[in-house]
Amino acid sequence: MGTALVYHEDMTAARLLWDDPECEIECPERLTIALERLRQRGLEQRCLRLAAREASEEELGLVHSPEYVALLRGTQALGTGELQALSGQYDAIYFHPSTFHCARLAAGAALQLVDAVLTGAVQNGLALVRPPGHHSQRAAANGFCVFNNVAIAAKHAKQKHGLHRILIVDWDIHHGQGIQYIFEDDPSVLYFSWHRYEHGRFWPYLQESDTDAVGQGQGCGFTVNLPWNQVGMGNADYVAAFLHVLLPLAFEFDPELVLVAAGFDSAVGDPEGQMQATPECFAHLTQLLQVLACGRVCAVLEGGYHLESLSQSVCMMVQALLGDPPLPLSGPMEPHRSALESIQSVRAAQAPHWMSLQQQDAAPVLSPSTRSPEGSISPLLPGGPEFKAPVVQTEAQAVVALSSLLDQLRLYPTPPLRTAVALTELDAALVLPPDVLHWERSAPQKEMQAWARPHEALAQDKSFNALGKVLYLLDSILDGQVSSGIAATPAPAAAATLDVAIQRGLSHRAQRLLCVAVGQLDRPLDLADDGRTLWLNIRGKEAAALSMFHVSTPLPGTTGGFLSYILALVLPLAYGFQPNLVLVALGPAHGLQAPQAALLAALLRVPAGGRVLVLVEEVSWAEWRCCGVTSGERPVTLCFHLCPWPRNPHPSLQGSWSRHCVERAPPAWAPSPGPPQRTCRPWSICEGSWGHSGKCCRWPLLKGCDPVTWRRLGWTSQNGHRDPAPRAGVNRPRTGRPRQCPEAGPASTRRPESPLACADGRPCSPRPGSKQLSESLTPPS
Ligand code: X5A
Ligand code: ZN
C-alpha cells in the first residue's frame, strides 16, 4: 500500500497579470519548487504518481452553484482588463485565462486522490495543487481560492463511496471559512481548523472563526475552530492542539477518511502566518493523523508562500505519508500561554458536544470566545512563555530552521527497514505482512552470556535464544538499521529480558530511554533515577509519581479512558522527554487488547522518531492472531500496523462484523463494568502543580487539558481529596443533553449511522480494530 502524489504541470499556468501586493505571493513557483525538492530527495520517485484530471462540472456542482461555475467558464475568454475588473469583485482574488482549467485540475486532483485511497489503490497521498480551495464558497471565489477542492472531495467521498464520517483537518494558517460554511450543518463532516486570528484582527476578520462557532443544527459540535491570538506559535503549540483538542474529538468521531487541507503557511518563514513551527512538525502531525481511519489520509495543498519553507514542509509530509519515521522536533516543547488559552477556550466551547471533553466541572469557566483579548484570560491558566515584544524576524528564523533541518536529515537517515519481528518457536506459524522482516539474527554468544548471567530466568535455552534476538534487534534500532521492532519472549523471562534491554540500551546509544511497562513488571532496582530513563508503569490500582522519572498508573478501565490516557499523559510525557528509544513491554497480566497495544506503539513511534521496540510474551501472539478479522493471508493487528483488514469489505464479511460487534463490543466510551471507585493517592508529578498555578517545568505539554482529565484516569487532583462518584451523564452519553444546541441530541446519538449497524440498531464501526478498542478492560489485579 503506497502513497499517491497527484499533480499536473498545467496547474502552473495561472499567474497574476497585474500589480497586486496581496495576491502576488500565490505564484506558480510554489508548485515547481516543491516538486523539485521532492525529486531531489528521491521522494517523488517513491510515490505512485498520478496525473491530475479535470473535475467535471457536475462534480464542481457538488459544492458550487451552476451560475458560479458558468461565470468561471466564461473567464477563459476574457482580456486582462476584464479579468482584473472581475477579480476586484472578490476578496483577495486574481483570475487568469487559465484559471478555470487550473482550478478544475485542482479539484480533479483531490477527487482522484480520494478515489485512489478509497478503492485501495494506495494507502494515502498528497495532491499538489493550485489554486488552493478552502476559502472558496458556493458562489464566491475568495483568498486565492476558486473551487473548494477539499469540500468537493468530501462530498464526493460521501456520495460516490458512501462514507458516513469524514474528518477535515485544516492546518493552513488561514481560517477555511469556505469549508466551514459548506458543512456547517452536516454532522457527517467534522471540520477542524486552526488559524491566525489575533482576536479577530487578522484576515478574513470573521466572528465565525472564533471558538464559539461550533456548527449549526444537526452539525452542532462538528465545526471546531482553534484561533491563534498571537503570532509565533511553534511546534509545541501545534502538538498540544493535536493532543488536547483534535485527537480526542477525532477518536470519538471515528472517521472513515481524513482529508487534510494542507496549507503550509503555518510553518516558519511564511509571510502570512508569521508562525514558528518547523517543517518536521508536519511529519509529526501527519503521523498522528495516520492512526485514524485505517491510515486513509488524503492531503490537498492549500497555502504556503515561503518557497523554501513550503517545499521542506511538503517533503516532510510526504515522507511521513510514506511511513518514514519523523525527525525529532526542535525547540522547547512548551506551549505558549496564549496557545493554552485558545486550547482551553475551544475545549470549553466543544465540551457540550463531546464526551471526551466532558470533565468541565472543575475547569475554569471561560467565555466561549476569544474575540476580546481580556475575555479569555483565566487566572487558573498555567504560565507558558509569554511573548515579549512582537519582534518579527521570520526570514532569519526560517533560514536557521531550514538549515538545521538539513543537518537533522543527515543525522537521522531513514533506516532501510521499517519493522522487524523476532519470534520464538511457539510463534513460528504467525503470518507477517510482506513489508515486515522476520528477525532471525542474534547477538554473539559471549555477549549474551555476560548480559544473561545475573538473571536466573534467562538460563533456559529458550529464554536465552529469545534474548539474543532482542539484543541484536535493539542494537539495530539504535544503529539506524531498523526503525521499529517487536520481539517475543517466554513469559517467565519477560522481566529479566526487559531489564537487560534497558541496560543494553543505556550502555549502547540511548541517551534517553522511555520505558512503558504494562502489567506486573517492576522497575529494575538498580536503575538510576538520573533522568536518562523515564519509567512509566501501567498496572495495579494506584497512581503515583514516585519521582519525575518514575510514574505508575492504573490501566484505564474504558476505551475513552485509555485514549485520553495516551493523549493526555503518555504522549505529552514522551514529547517532553524526547527519547532516543522507547521500550514497550507487555508483562504478566498486562490486560491490554491487541489493538490498544498497537495504538500505543503506533503513537509512540511519532515522538520517538520511530525507534520503538515492543516486547511481548510469546503466548500473547496466539491471542493477537485471533482478535480482529483475518482476511485471507493477511495477519491481524500487529503493532505499527493498525489496519490489516480489507478497506472495502465484501458484503459477505459485513455480517460477521456485525455479529462480532453485537457479541463483543459495548458502545464506545461505555463505563467499565468494574468497580467505579479506586482509592488514589494524590497525583503530583510536578510538585503538586498540574498547571494550576506553578510551573510544570519538566512536562509542559501536560498543560492544555484541564486537570479533571486526571480524574477520569482514576487520579485525584493534587489537593488530595477523593474522587467523587462519577457524575451522571459523563460516562452515560445517551442521557446527556448538550448545553448549547437544544435542538440537537448529544454527539453520540447524532453520530451518523455507519453502513454497518449492529443487530440492535446501534451504529457500529466497520473497523474491527475500533471495536476491539471499544471493549472495556479488566484492570490487572
Ligand atoms: C489559501 C490561502 C490566503 C489568502 C490571504 C489573503 N489564502 N490576504 O492561504
Ligand atoms: Zn493560508
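Order of appearance sets the numbers: ligands from 1, and atoms from 1 within every ligand. The figures here come from the full heavy-atom set of this structure, side chains too, leaving out hydrogens, waters and symmetry mates.
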Would you mind running through ligand 1 and noting each atom that sits below 4.0 Å from a heavy atom of [X]?
X	value
Ala92	6 (C)
His135	1 (C), 2 (C), 3 (C), 7 (N)
Pro132	1 (C)

Under 3.5 Å between some N or O of ligand 1 and some N or O of [X]?
X	value
His134	no
Glu302	no
Tyr305	yes

Using a 4.0 Å heavy-atom cut-off, say whether Asp265 meets ligand 1 through its side chain, its backbone, both or neither.
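Looking at Asp265 and ligand 1, just side chain atoms fall under 4.0 Å.
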
Please classify the Asp172 to ligand 1 contact at 4.0 Å (heavy-atom distances, strictly less than): side chain, backbone, both or neither.
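The answer is the side chain of Asp172.
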
Taking atom types as modelled, is there a side-chain donor on [X] or [Y] under 3.5 Å from an acceptor on the other?
X	Y	result
Glu184	Tyr191	no
His156	Glu59	no
Thr223	Gln180	no

Between Trp354 and Phe222, does the ring centroid distance fall short of 6.0 Å?
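Centroid separation for Trp354 and Phe222: below 6.0 Å.
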
Distance flag, aromatic centroids of Phe202 and His174, threshold under 6.0 Å
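Yes, they do, as the ring centres are separated by less than 6.0 Å.
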
Would you call Glu272 a ligand 1 contact, heavy-atom distance under 4.0 Å?
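Within the 4.0 Å threshold, so yes.
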
What's the verdict on salt bridge (charged side-chain N to carboxylate O under 4.0 Å, His left out) for Arg296 and Glu256, showing C-alpha distance, side-chain angles and the deciding distance?
CA-CA 8 Å; Arg296 287 179 278 199; Glu256 298 156 309; over 6 Å; no

Please find out if the Zn ion (ligand 2) and some N, O or S atom of [X] are separated by less than 2.8 Å.
X	answer
Asp265	yes
Glu272	no
His174	yes

Nearest neighbour in protein (non-hydrogen) for atom 7 (N) of ligand 1:
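Ranking protein heavy atoms by distance from atom 7 (N) of ligand 1, first comes Gly143 O, 3.0 Å.
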
What is the nearest protein non-hydrogen atom to atom 6 (C) of ligand 1, stated with its residue, atom name and distance?
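Among all protein heavy atoms, the one nearest atom 6 (C) of ligand 1 is Glu22 OE2, 3.4 Å.
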
Should the pair Glu308-Arg37 be classified as a salt bridge under the 4.0 Å nitrogen-to-oxygen rule?
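A salt bridge links Glu308 with Arg37.
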
Evaluate the criterion salt bridge (charged side-chain N to carboxylate O under 4.0 Å, His left out) for residue pair Asp212 and Arg371; output intermediate values, then yes/no.
CA-CA 10 Å; Asp212 56 348; Arg371 274 187 288 282; 2.9 Å; yes

Chi angles and distances behind the side-chain hydrogen bond (donor to acceptor under 3.5 Å, both in side chains) call for Asp270, His306:
CA-CA 5 Å; Asp270 194 278; His306 184 288; over 6 Å; no

What N, O or S atom of Asp172 is found closest to the Zn ion (ligand 2)?
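Of the nitrogen, oxygen and sulfur atoms in Asp172, the Zn ion (ligand 2) lies nearest to OD1.
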
Go through it in stages, so that I can follow the logic: the residues are Glu44 and Arg46, the test is salt bridge (charged side-chain N to carboxylate O under 4.0 Å, His left out), and I'd like the CA-CA distance, side-chain angles, deciding distance and then a yes or no.
CA-CA 5 Å; Glu44 190 218 13; Arg46 291 171 60 194; over 6 Å; no

